[in-house]
There are 2 protein chains.
Amino acid sequence: MPMNAPAFPLEALAPIDQRPDRDSFTISDLCAEFSVTPRALRFYEDEGLIGPERRGTTRIYSHRDRARLAWILRGKRVGFSLAEIREMIDLYDVGDGRSTQKQFTLERCLERIELLENQKRDIDAHITELQQFVDLLKSSD
Amino acid sequence: MPMNAPAFPLEALAPIDQRPDRDSFTISDLCAEFSVTPRALRFYEDEGLIGPERRGTTRIYSHRDRARLAWILRGKRVGFSLAEIREMIDLYDVGDGRSTQKQFTLERCLERIELLENQKRDIDAHITELQQFVDLLKSSD
DNA sequence: CCTTCCCCTTACGTGAACGTCAATCAAATT
DNA sequence: AATTTGATTGACGTTCACGTAAGGGGAAGG
């Protein structure tokens, strides 16, 4: 479980609003910013999704940890389980040069993309149906 | 819980591939078609999401039930809980003319639509990031 | 010094969404 | 007539994603 120095750091891919004003965050910082509980963050850590440093026993979250968290939460919002999210994160961390590994990673990524595009279609269908119903409600006045 | 004769029947809104060849379905028909277990369908019934007729004790699913099931499963795929899905289904069933009710329903629908569009944005972001990663993998050969 | 925060860990509890027997029944097949 | 097939209803088990005490450490303020 290579939690340190990912080959393709997430913040390079997920340039969510940078915050150069600070360069580390406490657990309650991130909890406030992303509206999650400390319990949740510690749970994600237990599950191997984040690995913040420690000053003594206290967790210190870097910008990369913050970007990783953003990724995790968005993954959740689009319906992935934590296990699936970890799997996807791990994909980013395998850039070790082994080309068979790379091939495997690539295929999994393409699978994911297709899955997400199916979801988009589902969502679009859902939206248009709701929209039609809304129109029907409005027209029946 | 008005399970019968919805004001705005779902099959009018969800014209999933019609099947005029049959006009009722058994539980295992639908299980096979939608890849769910009987247990799941009975659970949905316990939760008030579907209400098929009975021939004796055996469940008989109509086209409307089938369309309703398709709606439920798609709702699940886009991340809604069964409780939320039931809530949405109930919205379709309140076309009783009370205009305050209608107003409420309309607002909830618009909320749902916005929520779904946010999800679409999340998915798009997810896709572009994965795509960038894929490109990066491909280019590093 | 004592209290107030904020952090930590360990551990058990919980709600959602089913899975998994177990026992039963009715219709269809051999 | 006996068996197989597919349906039913409980009732209990399970996994996921945390919630909720319960107990404790360390630093800052009155």
Side-chain angles (χ1 to χ4, degrees), chain A residues 1 3 22 24-62 65-66 68-90 115 119 122, chain B residues 1 3 22 24-62 65-66 68-90 115 119 122:
Chain A
M1 203 182 298
M3 194 68 68
R22 315 204 32 184
S24 78
F25 308 89
T26 169
I27 194 171
S28 40
D29 286 345
L30 294 188
C31 287
E33 181 175 359
F34 293 101
S35 303
V36 293
T37 64
R39 178 68 182 94
L41 291 194
R42 296 186 191 117
F43 183 71
Y44 297 158
E45 189 169 347
D46 287 347
E47 297 294 301
L49 295 178
I50 339 179
E53 287 176 29
R54 302 290 185 120
R55 184 155 50 218
T57 164
T58 300
R59 290 166 178 81
I60 307 292
Y61 294 86
S62 68
D65 293 325
R66 177 169 168 275
R68 196 182 271 252
L69 176 59
W71 166 275
I72 292 168
L73 296 178
R74 202 179 50 208
K76 288 202 53 185
R77 285 200 299 275
V78 304
F80 289 120
S81 74
L82 292 189
E84 291 171 316
I85 291 170
R86 179 182 41 204
E87 207 185 326
M88 297 172 75
I89 285 184
D90 289 348
L115 202 155
Q119 253 186 291
D122 279 336
Chain B
M1 203 181 298
M3 194 69 66
R22 314 204 33 185
S24 77
F25 308 89
T26 168
I27 195 169
S28 39
D29 286 345
L30 294 189
C31 287
E33 181 175 359
F34 293 101
S35 303
V36 293
T37 65
R39 178 68 181 93
L41 292 194
R42 296 184 191 119
F43 183 72
Y44 297 158
E45 188 170 347
D46 287 347
E47 298 293 301
L49 295 178
I50 341 178
E53 287 176 29
R54 301 289 185 119
R55 184 156 51 218
T57 164
T58 300
R59 290 166 177 80
I60 307 294
Y61 294 86
S62 68
D65 293 324
R66 177 169 169 276
R68 196 183 272 251
L69 176 59
W71 166 274
I72 292 168
L73 295 178
R74 202 180 52 207
K76 288 201 54 186
R77 285 200 299 274
V78 303
F80 290 119
S81 74
L82 291 188
E84 291 171 316
I85 291 171
R86 179 181 41 204
E87 208 185 325
M88 299 172 74
I89 285 183
D90 289 347
L115 202 153
Q119 255 186 288
D122 279 336

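Chain naming here is simple, since letters A, B, ... match the order of the sequence lines and numbering starts at 1 in each.
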Report the distance from atom [atom1] of [X] to atom [atom2] of [N], rounded to the nearest whole Å.
X: B:Asp46; N: C:dA17; atom1: CG; atom2: P; answer: 13 Å
X: B:Arg39; N: D:dC12; atom1: CZ; atom2: P; answer: 13 Å
X: A:Glu45; N: C:dT10; atom1: CD; atom2: P; answer: 12 Å
X: B:Phe43; N: D:dT8; atom1: CZ; atom2: C1'; answer: 18 Å
X: B:Leu73; N: C:dC18; atom1: CG; atom2: P; answer: 9 Å
X: A:Glu84; N: D:dC16; atom1: CD; atom2: P; answer: 11 Å
X: A:Arg86; N: D:dC18; atom1: CZ; atom2: C1'; answer: 15 Å
X: B:Ile85; N: C:dC18; atom1: CD1; atom2: P; answer: 9 Å

Is it possible for you to check whether B:Arg66 lies under 6.0 Å from the centre of the six-membered ring of B:Phe25, through NZ or CZ, and within 45° of that ring's axis?
->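 Yes - B:Arg66 lies over the ring of B:Phe25, closer than 6.0 Å to its centre and within 45° of its axis.
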Is the shortest side-chain N to carboxylate O distance from B:Glu45 to B:Arg54 below 4.0 Å?
->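 Yes.
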Candidate nucleotides [options], ranked by approach to the side chain of [X] - the nearest:
X: B:Arg42; options: C:dA11, C:dA17, D:dA7; value: D:dA7
X: B:Arg54; options: D:dT9, D:dC18, C:dA17; value: D:dT9
X: A:Ser28; options: D:dT9, C:dG19, C:dC7; value: C:dC7
X: B:Lys76; options: C:dC8, C:dC18, C:dG19; value: C:dC18
X: B:Arg59; options: D:dA17, D:dC18, D:dT9; value: D:dT9
X: B:Leu82; options: C:dG19, C:dA17, D:dG19; value: C:dA17

B:Ser62 versus B:Asp65, side-chain donor and acceptor atoms under 3.5 Å =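 On atom types as modelled, these side chains qualify, holding a pair under 3.5 Å.
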Presence of [X] side-chain N/O under 4.0 Å of [N] phosphate oxygens OP1/OP2:
X: A:Thr26; N: C:dC6; value: no
X: B:Thr57; N: C:dA26; value: no
X: B:Thr58; N: C:dA26; value: no
X: B:Tyr44; N: C:dC18; value: yes

B:Pro52 vs B:Ile60 side-chain heavy atoms within contact, under 4.5 Å |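 They are not in contact (no side-chain heavy atoms under 4.5 Å apart), so the answer is no.
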Atom CD of A:Glu84 with >12 non-hydrogen neighbours under 6.0 angstrom |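 Check passes, neighbour count above 12.
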Would you indicate what B:Arg55 reaches in the nucleic acid, counting non-hydrogen atoms under 4.0 angstrom: base, sugar-phosphate, or nothing?
->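 The answer is nothing, as B:Arg55 stays clear of every strand by at least 4.0 Å.
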